[in-house]
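Shown next, in structure tokens, is the structure this report addresses.
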Amino acid sequence: MNSKIWLSSPHMGGNERKYVTEAFDSNWVAPLGPNVNGLETDIASYLDDDIHVAALSSGTAALHLALILLGVEEGDEVICQSMTFSASANPIRYQRATPVFVDSETDTWNMDPAFLEEAIKDRMAKGKKPKAIIPVHLYGMPAKMKEILAIAGTYEIPVVEDAAEALGSSINGKKCGTFGEMAVLSFNGNKIITTSGGGAVVSTNEDLVKQATFLATQARDPAPHYQHSHIGYNYRMSNICAGIGRGQMEVLPERVNQRRANFSFYKEAFKDIEGISFVEEPEGFFSNRWLTTVLVDPTKTGGVTREDIRLALEKENIESRPLWKPMHLQPVFAGFPFYGERVAESLFENGLCLPSGSNLSEEDLGRVVDCVKKVMRDGG
Ligand SMILES: *Cc1c(COP(=O)(O)O)cnc(C)c1O
């Protein structure tokens, strides 16, 4: 059996061990410490001068805290991109609020500004102004933030950017994670860099980030004894994990280049194949190409479907995956409002994520390409 090729696996840079060893040597084996502070500074200086960061236990925790800080409560409504990972929407339900899902557009596969506005108008006509808007930069491709922010501004609704997949992406040089009132990052094991598990909430508003840190450390009031006037959470990142993150931040620009090189490799390899297409960067958009994704059009491939390709890859011990199944089609979110058509649904039906790790060799990529080309030749 050929060795396993993963969709996206951790890729250490080298200095992670140094930071983790420092944590052990100084006995900072705790959910705070110098690596946590260091990682927060590293991320802030990478993103922008006036950004503040709270390192947390996960991207999901970061989104939960962001919604709490925007005052999302039981009975409120929060607009969320439908095509995404469930972690974008789950924290809305942690607060017993109602998710309102919005379809994608075809340029970036992210939140469609026109359907966003339609959703806001209709929810307001029905008596409720949404409390927040959650666009997602899927697979590293930035959402149309200019249009989304303009609409959010008109109706004065704060934006929480889900930048979990988009660290290193930007629009006209402005980094993803710096557009919204707040943004969340993820350092889960499959993301472009990892702390083995972790996340962060970021904002230009220092006070919001301070409050996030406060809530994440059990909401302990300043007092010699344990005094609490808020419900708190245990959402802080450990100093060990943050040590891994510090090493990873050193190689982030390299990781972006490697992921983008994977995309170019696939694009070049499939350029003569009818029916396989890629999502391109609109002008000024820069994607970290966290995952390379393709659309397979069976009417042009002679009947070969996304699923034929996925199963053929699986037989060769190569992991690939359909695109995210939209939230409005998920059993757990059935019955919540949805604004749009069938864009996300058809992307889900025909889209496939190809192996995209920054640690893949040319030989690995070659195996993927050969397998896909063989299915195309032999038919589905
Ligand atoms: C990974 C991911 C999250 C959640 O991050 P965790 O750190 O795994 O909790 C949220 N949203 C999107 C779009 C993601 O891909």
Side-chain angles (χ1 to χ4, degrees), residues 1-11 83-85 104 106-110 137-141 165-166 169 189-192 255-282 285 287-326 342-380:
M1 191 69 169
N2 278 323
S3 61
K4 176 95 180 177
I5 296 179
W6 299 96
L7 196 66
S8 178
S9 69
H11 185 186
M83 183 143 178
T84 185
F85 177 49
S104 294
T106 51
D107 296 341
T108 71
W109 303 359
N110 294 312
H137 310 297
L138 275 192
Y139 307 115
M141 180 65 78
E165 302 178 1
S169 302
N190 58 347
K191 298 287 156 64
I192 191 158
R255 296 294 176 264
V256 172
N257 290 339
Q258 288 158 329
R259 299 250 176 185
R260 286 176 63 84
N262 289 339
F263 174 84
S264 302
F265 186 97
Y266 285 127
K267 202 178 160 207
E268 177 62 24
F270 297 148
K271 71 173 188 294
D272 296 326
I273 300 186
E274 274 288 301
I276 290 191
S277 63
F278 296 84
V279 58
E280 297 296 342
E281 293 164 323
F285 282 47
S287 170
N288 67 10
R289 295 289 184 190
W290 170 56
L291 295 186
T292 292
T293 53
V294 290
L295 287 181
V296 182
D297 181 349
T299 66
K300 292 185 185 154
T301 57
V304 176
T305 64
R306 179 283 303 287
E307 210 43 22
D308 294 328
I309 297 176
R310 193 186 69 77
L311 291 170
L313 289 167
E314 189 171 85
K315 267 199 202 130
E316 293 294 323
N317 211 16
I318 298 169
E319 186 184 27
S320 69
R321 193 178 297 151
L323 300 191
W324 299 124
K325 181 173 180 177
R342 285 195 72 255
V343 177
E345 193 171 342
S346 106
L347 289 168
F348 167 64
E349 277 164 17
N350 297 317
L352 188 68
C353 303
L354 295 175
S356 302
S358 48
N359 48 6
L360 295 178
S361 63
E362 287 241 335
E363 190 192 334
D364 294 331
L365 293 167
R367 268 177 61 198
V368 178
V369 165
D370 289 347
C371 181
V372 173
K373 283 187 170 166
K374 187 167 181 302
V375 196
M376 292 308 221
R377 253 195 332 268
D378 301 350

Search all heavy atoms of [X] against all heavy atoms of [Y] and return the closest pair with its distance.
| X | Y | value |
| --- | --- | --- |
| L347 | L323 | O-CD1, 3.5 Å |
| T292 | N262 | OG1-C, 4.1 Å |
| R259 | S356 | NH1-O, 3.2 Å |
| S320 | L352 | OG-CD1, 3.6 Å |
| C353 | L7 | O-CD1, 3.4 Å |

Side chain to side chain, [X] and [Y], heavy atoms closer than 4.5 Å:
| X | Y | value |
| --- | --- | --- |
| H137 | W290 | no |
| V256 | S169 | no |
| K373 | I273 | yes |
| R367 | E362 | no |
| E280 | M141 | no |
| V279 | T108 | no |

Donor-acceptor pair, [X] side chain versus [Y] backbone, under 3.5 Å?
| X | Y | value |
| --- | --- | --- |
| D308 | T305 | yes |
| R306 | V296 | no |
| Y266 | P355 | yes |
| S287 | G140 | yes |
| N190 | P10 | no |
| R289 | N257 | no |
| N110 | S104 | no |
| N359 | H11 | no |
| N288 | I192 | no |

Check this for me, if you would: do [X] and [Y] make a salt bridge, where the nitrogen-to-carboxylate-oxygen distance has to be below 4.0 angstrom?
| X | Y | value |
| --- | --- | --- |
| R260 | E281 | yes |
| E319 | R310 | no |
| K374 | D378 | yes |

Before you tell me yes or no, could you show the steps for E165 and K191 under side-chain contact (heavy atoms from CB on, under 4.5 Å), namely the whole-Å CA-CA distance, both residues' side-chain angles and the distance that decides it to 0.1 Å?
CA-CA 6 Å; E165 302 178 1; K191 298 287 156 64; 4.2 Å; yes

Assess whether atom NZ of K300 is packed by more than 12 heavy atoms of other residues, nucleotides or ligands within 6.0 Å.
no

Could you check V368 against L313 for side-chain contact (heavy atoms from CB on, under 4.5 Å), going step by step and ending with a plain yes or no?
CA-CA 7 Å; V368 178; L313 289 167; 4.1 Å; yes

Which label fits Y139 and W109: parallel for a plane angle under 30°, tilted from 30 to 60°, or perpendicular past 60°?
perpendicular

Find the distance between [atom1] ([X]) and [atom2] ([Y]) and round it off to the nearest 0.5 Å.
| X | Y | atom1 | atom2 | answer |
| --- | --- | --- | --- | --- |
| E349 | E307 | CD | CD | 11.5 Å |
| L354 | L360 | CG | CG | 10.5 Å |
| E363 | N2 | CD | CG | 8.5 Å |

My understanding is that only residues two or more places apart in sequence, or in another chain, count here; which of them pass ring pair (Phe, Tyr, Trp, His ring centres under 6.0 Å) with F263?
F278

Go through the steps for S277 and D297 under the test side-chain hydrogen bond (donor to acceptor under 3.5 Å, both in side chains), then give the verdict.
CA-CA 8 Å; S277 63; D297 181 349; over 6 Å; no

Might you work through the side-chain contact (heavy atoms from CB on, under 4.5 Å) test for L295 and I276, ending with a clear yes or no?
CA-CA 6 Å; L295 287 181; I276 290 191; over 6 Å; no

Between R321 and S8, is a side-chain contact (heavy atoms from CB on, under 4.5 Å) present by the stated rule, with each step listed?
CA-CA 11 Å; R321 193 178 297 151; S8 178; over 6 Å; no

